[in-house]
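A quick write-up on the structure given underneath.
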4 protein chains.
Amino acid sequence: MSRPHTSMSMNLNKTATVNETRIRVRYAETDQMGVVYHANHFIWFEVGRVELLRQLGFSYKDMEREDDCFIAVVDARCRYKAPVHYDDEVVVRTYLKHVREKVIHFGYELRKVDTGKLLAEGETTHIVANAKMKPRALPEKYMKVFRAAVGGP
Amino acid sequence: MSRPHTSMSMNLNKTATVNETRIRVRYAETDQMGVVYHANHFIWFEVGRVELLRQLGFSYKDMEREDDCFIAVVDARCRYKAPVHYDDEVVVRTYLKHVREKVIHFGYELRKVDTGKLLAEGETTHIVANAKMKPRALPEKYMKVFRAAVGGP
Amino acid sequence: MSRPHTSMSMNLNKTATVNETRIRVRYAETDQMGVVYHANHFIWFEVGRVELLRQLGFSYKDMEREDDCFIAVVDARCRYKAPVHYDDEVVVRTYLKHVREKVIHFGYELRKVDTGKLLAEGETTHIVANAKMKPRALPEKYMKVFRAAVGGP
Amino acid sequence: MSRPHTSMSMNLNKTATVNETRIRVRYAETDQMGVVYHANHFIWFEVGRVELLRQLGFSYKDMEREDDCFIAVVDARCRYKAPVHYDDEVVVRTYLKHVREKVIHFGYELRKVDTGKLLAEGETTHIVANAKMKPRALPEKYMKVFRAAVGGP
């Protein structure tokens, strides 16, 4: 599900972490155009985000429950490169683009599993907040690991 | 949005309350069969449920927040009579079928606004619970009004 | 993902096919009650249905595209036994309850993977239709296999 | 539902069209953070888009069916300014930012109805395609009206 690799673009000297999670397109995710409805890509990005955290040793569930740390979306964008079809197997490639104390920036690529074709690219920006949606700093245990994982696809 | 009327079938001697709420079918709700995906009917039933409560003088939001009263679904059923299409205007007709201290039973009809055609029929059964999902009795202020509103379409 | 087994209840003398498909609960599937919103169970049932077909050697995608065979829902029901939480791993156990020329009846169980706890039970009834939503008979190649797979959990 | 007005920023000499469509937040649209899940904003933007077209005299349903004209999303972005809560009434303000023969650019504002508070801002870019997802030019009858409607909020 994961593939650490060296990115030549933004992070010359370090190893970035990219999570790869496979998703099988559900019938419910299609619309009458015969392709996946575009809002679902953001749901898949979130699936990738959670799996990237898991790969880094964290459970987002526990971040919320035990550390009162919520990763609230403040900006989300997707560029759709090709239609996605029912029953397709797609891989969400998720990585950390930037991490600061109160802001986390994720990047995503969506590719068709069998051909590797690029289906979509995206980014989301998140602020760290507590259960009452007040901004707070990311605890050091996350910060350390996130910083080491920053990179590109 | 509402139409109190006399039901001859189940409630010979009283006036039942039926809420009528209109919904415009969203593109996101269709699937590649070119019709509304069947899980959405349950979301519309919930919209009808909330509007029936509002018609009866209650806000479900406040039921949860102020009275620690959650209406958790334990059984849901829908019989699909005709496909529903994108951009159709449909009316959800919601009514209370039975009310007991800890169990509430709602009924629904889904009809096309312009023709009155029956699109679906459904029922949901709910238990009354607190925020921790423990069963509790429905407060008397709701019980009194709900009992008076029980009836059929 | 699959487990053929002998059901003692409805099918004394034959081996029923039960598909087991795992699903990781998505954040998008929760609601503010802190549990999975009840309409999502029907989406998961559909995921199970498609995987049962795949296990039987068929692709629902091809059924639609190559054989002009749509499995349209006419009745859907779910009994909710326990709340399902974010990030839980659940298994959908799907089986064929009855098959006739124009009507197919599926059954479902939803269980928590780690404890085996029953989370929900459901059934859906489908008619076989063509792309224009006209009823049609199920082609023999499906009928033969479906009949042999009928059984209980 | 609509409010034509003069925008001073981008369109000094003409009247831009802004559609205002109200949406009541559904329980299904919330997540366990107690606010609306962020992918739903894109669904609401689409509702606004369709209503803007209706206000301009067109039915998107007919655009697809009669004119073989699909407005496929190629880029979508949302900036989240404030959390949206269950049962809130929100207004989607939709306007055309740019229109070219094969590309249409919409802008959106999401505001709370009672306070006018800005909840989110967004944009989507669409290409005009036929039913087979091949790019095509927007028919002149749309182009003329769309061009006249371009403006800002």
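No experiment lies behind these values; they were computed from the predicted model shown. Chain A is the first sequence line, chain B the second, and so forth, proteins listed ahead of strands; every chain is numbered from 1.
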Tyr95(C) ring center within less than 6.0 Å of Phe106(C) ring center: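 Centroid separation for Phe106(C) and Tyr95(C): 6.0 Å or greater.
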Carboxylate-amine/guanidinium contact [X] [Y], below 4.0 Å:
{"X": "Asp67(B)", "Y": "Lys141(B)", "result": "yes"}
{"X": "Arg24(C)", "Y": "Asp88(C)", "result": "no"}
{"X": "Glu51(C)", "Y": "Arg49(C)", "result": "no"}

Gln32(C) portion near chain B, given a 4.5 angstrom heavy-atom threshold: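 The side chain, not the backbone.
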Considering only heavy atoms, which portion of [X] lies under 4.5 Å from any heavy atom of chain C: side chain, backbone, both, or neither?
{"X": "Glu121(B)", "value": "neither"}
{"X": "Tyr37(B)", "value": "side chain"}
{"X": "Glu64(B)", "value": "side chain"}
{"X": "Ile127(B)", "value": "neither"}

Whether Trp44(C) and His41(C) hold their rings parallel, tilted or perpendicular, with breakpoints at 30° and 60°: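 Tilted, since the angle between the ring planes falls between 30° and 60°.
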Choice from Ala39(B), Gly34(B), Ala76(B) maximising heavy atom contacts with chain C below 4.5 Å: Ala76(B)
